[in-house]
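To keep things clear, I will list the structure first and then write my remarks on it.
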There are 2 protein chains.
Amino acid sequence: MDTGDIFDPNCPTRVVLDRIGDKWSALVLLCLADGPMRFTRLRSRIGGVTPKVLTQTLRTMEQDGLITREVFAEVPPRVEYALTDLGRSLHDPISAVATWAETHVAEILRRRERSA
Amino acid sequence: MDTGDIFDPNCPTRVVLDRIGDKWSALVLLCLADGPMRFTRLRSRIGGVTPKVLTQTLRTMEQDGLITREVFAEVPPRVEYALTDLGRSLHDPISAVATWAETHVAEILRRRERSA
DNA sequence: ATCACCGGTATCCACAAGGTACTTATAGCA
DNA sequence: TGCTATAAGTACCTTGTGGATACCGGTGAT
């Protein structure tokens, strides 16, 4: 079933790539790298994310086994999200891309303006 | 202007991250790593991409200085896309994420089904 | 006269993301 | 006995972007 060709749309690797390359997953992962965190904290740290979209992102990441979701039966409710081993193993690759972005941001913005 | 906080929506790093993390850019970059390529070739190698979206992706990457677009005045037309030095410098980080995906695809799909 | 080639546009549609308001359940307070 | 605050979402509507399909323009070959 896996053709091994990442350029084939049916290649599972591409499915995975689409997920972790979405707008918020990488940010969530980077955020949780500092330790477990609650929903509201995540929401305020990751500026600009709406609750609906954050919920979707967290649910998807949970399904993929990247994070765990632990509910405490308290009032008001408390829900903690944490990275799994799998999630932690993704930290370095994601972090490398983030570092690249930080390093080259200035150059990219310069070129982008020049071509505008 | 740059707060240095990747979690701030105004952080330029995040703007860059959004771009290179889109659905097709990484694939184009990986594809061009083998050498310059023409539009139609790219389109057929990257299964599932429509011409409009591929054009958008290529234009954006060109504006960001990741690739060059060279038009040859021939009939039928010939347009070659190639990585710039900047684009090449992004290859390793992207490739690391792709490798991670290939390595962990099986586990993710297994978990995904279990939670369905 | 027509067709095929290539690198795209033009047009329309659908789905997913974004914005805002609302919910639920309880503890604390007046 | 209300009233309010709180956390973690949902519900609902609007908006924007991606996707599907059709078409274009110039030329050389059939």
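All figures in this text were calculated on a predicted structure; none of them were measured in a lab. Letters A, B, ... mirror the listed sequences (proteins, then strands); counts begin at 1.
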Side chain of A:R78 only, heavy atoms from C-beta on: which candidate in C:dC5, C:dG7, D:dA8 is closest? D:dA8

Residue whose closest nucleotide on DNA chain C lies nearer the 5' end, B:R43 versus A:R43: B:R43

Any chance the side chains of B:D22 and B:S25 put a donor and an acceptor closer than 3.5 Å? yes

Side-chain N,O (A:Y81) to OP1/OP2 (D:dG9) below 4.0 Å: yes

At less than 4.0 Å, is any side-chain N or O atom of B:K23 found next to OP1 or OP2 of D:dG19? Yes or no. yes

Is the backbone of B:G65 close enough, under 3.5 Å, to the side chain of B:T84 for a donor and an acceptor to pair up by distance? yes

For A:W24 and C:dA16, is the shortest distance between a side-chain N/O and OP1 or OP2 below 4.0 Å? no

Does the pair A:E113/A:R111 count as a salt bridge with the N-to-O cut at 4.0 Å? no

Is the shortest side-chain N/O distance from A:R59 to OP1 or OP2 of D:dG9 below 4.0 Å? yes

Those residues that, when tested against B:P51, pass side-chain contact (heavy atoms from CB on, under 4.5 Å) (two or more places apart): B:F39, B:R43

A:F72 near the nucleic acid: base, sugar-phosphate alone, or nothing, with a heavy-atom cut-off under 4.0 Å? nothing

Once you apply a heavy-atom cut-off of 4.0 Å, does B:R69 come out as touching a base, just sugar-phosphate, or nothing? sugar-phosphate

